[in-house]
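FYI, the numbering just counts along the sequence from 1.
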Amino acid sequence: MFDKKVYLNRRSALQSKLNSGILLFLGNEDSPMNFKDNIYHFRQDSTFLYYFGINEPSLAAIIDLDEDEIILFGNEMSIDDIVWMGRQKTLAEKSADSGLSKVLPLDELDTYLKRYQEKDRPVHFLPPYRPENKIKLSNWFNIPVDQLKERASLHFIKAVVAQRSVKSAEEITELDRAASISADVHLMVMQHAKPGMYERELAAKIQSEALASGGNLAYPVILTVQGEILHNHYYGNQLREGQLVLNDSGVETSLGYAGDLTRTFPAGKTFSAEQKDVYDIVLDAYHHAKNMLAPGVRYLDVHLASCKILAQGLKDIGLIKGNIDDAVQAGAHAMFFQCGTGHMMGLDVHDMEDLGEQYVGYTDDLVKNTTQFGLKSLRLGKELEAGYVLTVEPGIYIIPELIDRWKASNQFTEYINYDRLETFRNFSGIRIEDDFLITETGSRMLGKHLALTTEEIEEIRREAY
């Protein structure tokens with residue numbers, strides 16, 4: 001945990017932004033894999049972690065804005081818990097570390113919530129994403145499960161998003177550390193990968209290093225020779241000479257802060273000439289995007305500029321034709337770049353995505369485009385502010401099924417050279433990604449430098465043999 005002053009200040013800042021009522025915070029429960037006591041790795045709800053810092057299951061808390069009272073609800077360890085898990089800090093001790101003085105048994109939360117409702121006092125809650133919390137809220141407030149998201153408190157959501165979006169010095173230290181450890185892990189993968197290995201062997205090394213660092217994975221590893229599959233968690237392919245390996249992985253620190261890096265490298269020692277051409281197009285878009293980062297710049301504009309750089313590069317090698325601005329406006333570039341250039345980061349690798357992309361990545365004045373293929377996957381579009389942490393991750397992905405579908409319907413024939421594209425059908429994909437902090441005057445990359453150019457990567461690959 002951070003020093004308790006951090007949590008006291010965070011809660012105080014939140015209270016100053018909301019007028020009245022009760023703020024309800026639900027921590028997460030243990031989630032069984034296949035029977036009750038065989039559980040997945042526990043991960044606390046990030047908003048609960050942000051305001052209270054206690055990383056254990058079966059907790060809840062309320063902030064009474066009118067009475068200026070904060071109560072943590074949870075149970076102390078029983079003798080059975082101690083037998084199976086060993087003596088740990090008591091809940092009272094953990095609550096003191098968070099600057100809390102009032103702790104009640106978990107079953108008393110129901111009594112408190114009924115009392116508030118009887119007095120017609122509003123209870124504000126955030127959109128739930130775990131099934132068990134959906135059931136609790138549905139039972140407490142007599143709201144159908146499928147209506148909980150729309151009944152969540154918009155004022156509560158916006159206050160949390162505004163506060164969590166701007167990272168404090170303590171958080172930036174953690175995010176720097178997460179990015180640096182992640183860079184070390186990526187370098188290790190580049191140094192160990194060889195033709196004949198299976199993807200799973202490299203994915204296992206990544207997970208091992210994440211655990212050894214004292215934290216864990218920030219998200220399931222994407223380690224694949226099928227880089228055209230954006231979130232590919234299958235690890236059964238064998239690396240072969242001539243293929244590209246895409247590694248999208250990041251470490252989460254013990255305090256829950258995420259790193260999120262991607263590098264693409266040859267399974268052998270060198271890139272082919274064609275692979276270098278496409279890689280350099282992506283790298284050009286990466287540099288252009290990161291150089292645009294500054295307070296006051298809309299990330300939507302960063303994304304669109306990246307798309308135009310990618311499209312121009314693809315035109316230079318004969319895959320796109322016609323006017324580049326028109327092609328991007330129409331969405332023809334999404335044949336090659338189907339996702340967004342980046343997203344917010346912090347305690348979640350897609351920071352606060354559970355609270356709603358429209359509130360996290362956009363504003364009331366900038367509504368997300370949810371219909372245009374490609375643009376609808378842009379998680380961040382709003383104007384940047386100092387203290388934001390985000391990714392820059394352009395890519396080019398050649399998806400055979402998408403080629404077939406668009407070609408059969410004669411889609412964007414004025415912009416896409418389908419004959420030339422057929423020769424790239426089995427190319428796979430390339431992504432380059434780093435994490436950036438928005439500063440008062442621009443931005444800086446978090447963590448340490450990781451091989452970026454084809455020359456740097458090939459030097460590492462040659463040394464690996």
Side-chain angles (χ1 to χ4, degrees), residues 10 13-19 21 23 45-47 50-51 124-129 148-168 171-172 175 258 260 288-308 328-329 331 334 337-394 435-443 446:
R10 287 174 176 177
L14 179 65
Q15 288 176 266
S16 71
K17 300 298 182 182
L18 295 159
N19 296 323
L23 304 182
D45 173 76
S46 291
T47 297
Y50 182 83
Y51 288 105
H124 305 283
F125 61 86
L126 299 171
Y129 56 91
L148 286 168
K149 184 177 180 180
E150 62 188 62
R151 296 283 293 275
S153 169
L154 187 56
H155 293 301
F156 193 7
I157 291 170
K158 289 185 174 182
V160 170
V161 168
Q163 188 174 355
R164 283 184 57 189
S165 291
V166 179
K167 304 302 187 277
S168 66
E171 292 181 289
I172 293 167
L175 288 161
D260 183 6
H288 194 84
K290 79 180 184 65
N291 290 339
M292 288 182 66
L293 299 178
V297 174
R298 293 193 315 173
Y299 203 79
L300 174 61
D301 296 326
V302 175
H303 171 72
L304 293 174
S306 297
C307 293
K308 291 177 182 179
V328 170
Q329 184 175 2
F337 186 40
Q338 301 84 19
C339 56
T341 305
H343 52 78
M344 297 282 275
M345 274 188 57
L347 277 169
D348 308 305
V349 67
H350 291 171
D351 211 20
M352 300 175 282
E353 197 160 302
D354 58 305
L355 302 182
E357 281 185 7
Q358 176 57 42
Y359 309 118
V360 177
Y362 293 81
T363 63
D364 292 343
D365 297 327
L366 180 63
V367 178
K368 180 178 179 179
N369 185 326
T370 58
T371 58
Q372 183 174 313
F373 183 65
L375 199 54
K376 69 180 181 180
S377 297
L378 177 62
R379 293 182 168 92
L380 175 60
K382 67 184 179 182
E383 190 173 291
L384 303 178
E385 296 181 21
Y388 284 9
V389 170
L390 49 88
T391 65
V392 171
E393 50 180 306
D435 309 329
F436 291 87
L437 167 70
I438 304 302
T439 65
E440 294 291 343
T441 57
S443 71
L446 293 172

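Met344 places none of its side-chain heavy atoms less than 4.5 Å from the side chain of Val161. Considering only heavy atoms from C-beta on, Asp351 comes within 4.5 Å of Lys167 through its side chain. Side chains of Phe436 and Met345 form no contact here, defined as non-hydrogen atoms less than 4.5 Å apart. Within the 4.5 Å cutoff, the side chain of Leu175 has no heavy atoms near those of the Asp435 side chain. Side chains of Leu375 and Leu300 form a contact here, defined as non-hydrogen atoms less than 4.5 Å apart. Between Lys382 and Tyr299, the closest side-chain pair of non-hydrogen atoms is not below 4.5 Å. Between Pro127 and Leu148, the closest side-chain pair of non-hydrogen atoms is not below 4.5 Å. Residues Thr370 and Gln358 have side chains not in contact (no heavy-atom distance under 4.5 Å, counting atoms from C-beta outward).
Considering every non-hydrogen atom in both Leu378 and Glu357, the closest pair reads O-OE1, 4.5 Å. Contact detail for Tyr388 and Glu383: the closest heavy-atom pair is CE2-O, 3.7 Å. The minimum heavy-atom distance between Ser165 and Met352, with the atom names listed, is OG-CE, 3.4 Å. Between Phe337 and Cys307, the closest heavy-atom pair is CD2-SG, 3.9 Å. Nearest heavy atoms, Ala289 versus Val302: CB-CG1, 3.7 Å. Gln372 and Gly331 make their closest contact through NE2-CA, 3.5 Å (heavy atoms, listed as atom of the first residue, atom of the second, distance).
Shown here are the ring-ring contact (aromatic ring centres under 6.0 Å, His included) partners of Tyr51, two or more places apart in sequence or in another chain: Phe25.
The backbone N or O of Asn369 lies less than 3.5 Å from no partner atom in the side chain of Tyr362, so there is not a single donor-acceptor pair. Under the 3.5 Å distance criterion, the side-chain polar atoms of Ser16 are matched with a main-chain donor or acceptor of Ala13. Looking at Glu171, its side chain never comes within 3.5 Å of a backbone N or O of Gly346 through a donor-acceptor pair. A donor-acceptor contact shorter than 3.5 Å is absent between the side chain of Arg379 and the backbone of Gly340.
Here CD of Glu393 is found 10.5 Å from OG of Ser306. Values are rounded to the nearest 0.5 Å. Rounded to the nearest 0.5 angstrom, Lys290 NZ and Thr341 OG1 are separated by 15.0 Å. With rounding to the nearest 0.5 Å, the separation of CG in Leu390 from CG in Leu384 is 6.0 Å. Atom-to-atom distance recorded for Lys368:NZ and Tyr359:OH is 12.5 Å, nearest 0.5 angstrom. Distance CD/Gln338 to NZ/Lys376: 11.5 Å, rounded to 0.5 Å. Rounding to the nearest 0.5 angstrom, the gap separating the OG atom in Ser153 from the CG atom in Leu126 is 7.5 Å.
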Check step by step if side-chain hydrogen bond (donor to acceptor under 3.5 Å, both in side chains) holds for His343 and Asp260. CA-CA 10 Å; His343 52 78; Asp260 183 6; 3.1 Å; yes

Under the side chain to side chain contact (heavy atoms under 4.5 Å, CB included) criterion, do Asp354 and Asp45 qualify, and how do the steps go? CA-CA 10 Å; Asp354 58 305; Asp45 173 76; 4.3 Å; yes

Determine whether Arg164 and Asp348 satisfy the following criterion, salt bridge (charged side-chain N to carboxylate O under 4.0 Å, His left out), listing intermediate values before the conclusion. CA-CA 11 Å; Arg164 283 184 57 189; Asp348 308 305; 3.1 Å; yes

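In this structure, Phe156 and His124 have perpendicular ring planes: the angle between them is above 60°, well past the 30° mark.
Other residues, nucleotides and ligands place no more than 12 heavy atoms under 6.0 Å from the CD atom of Glu440.
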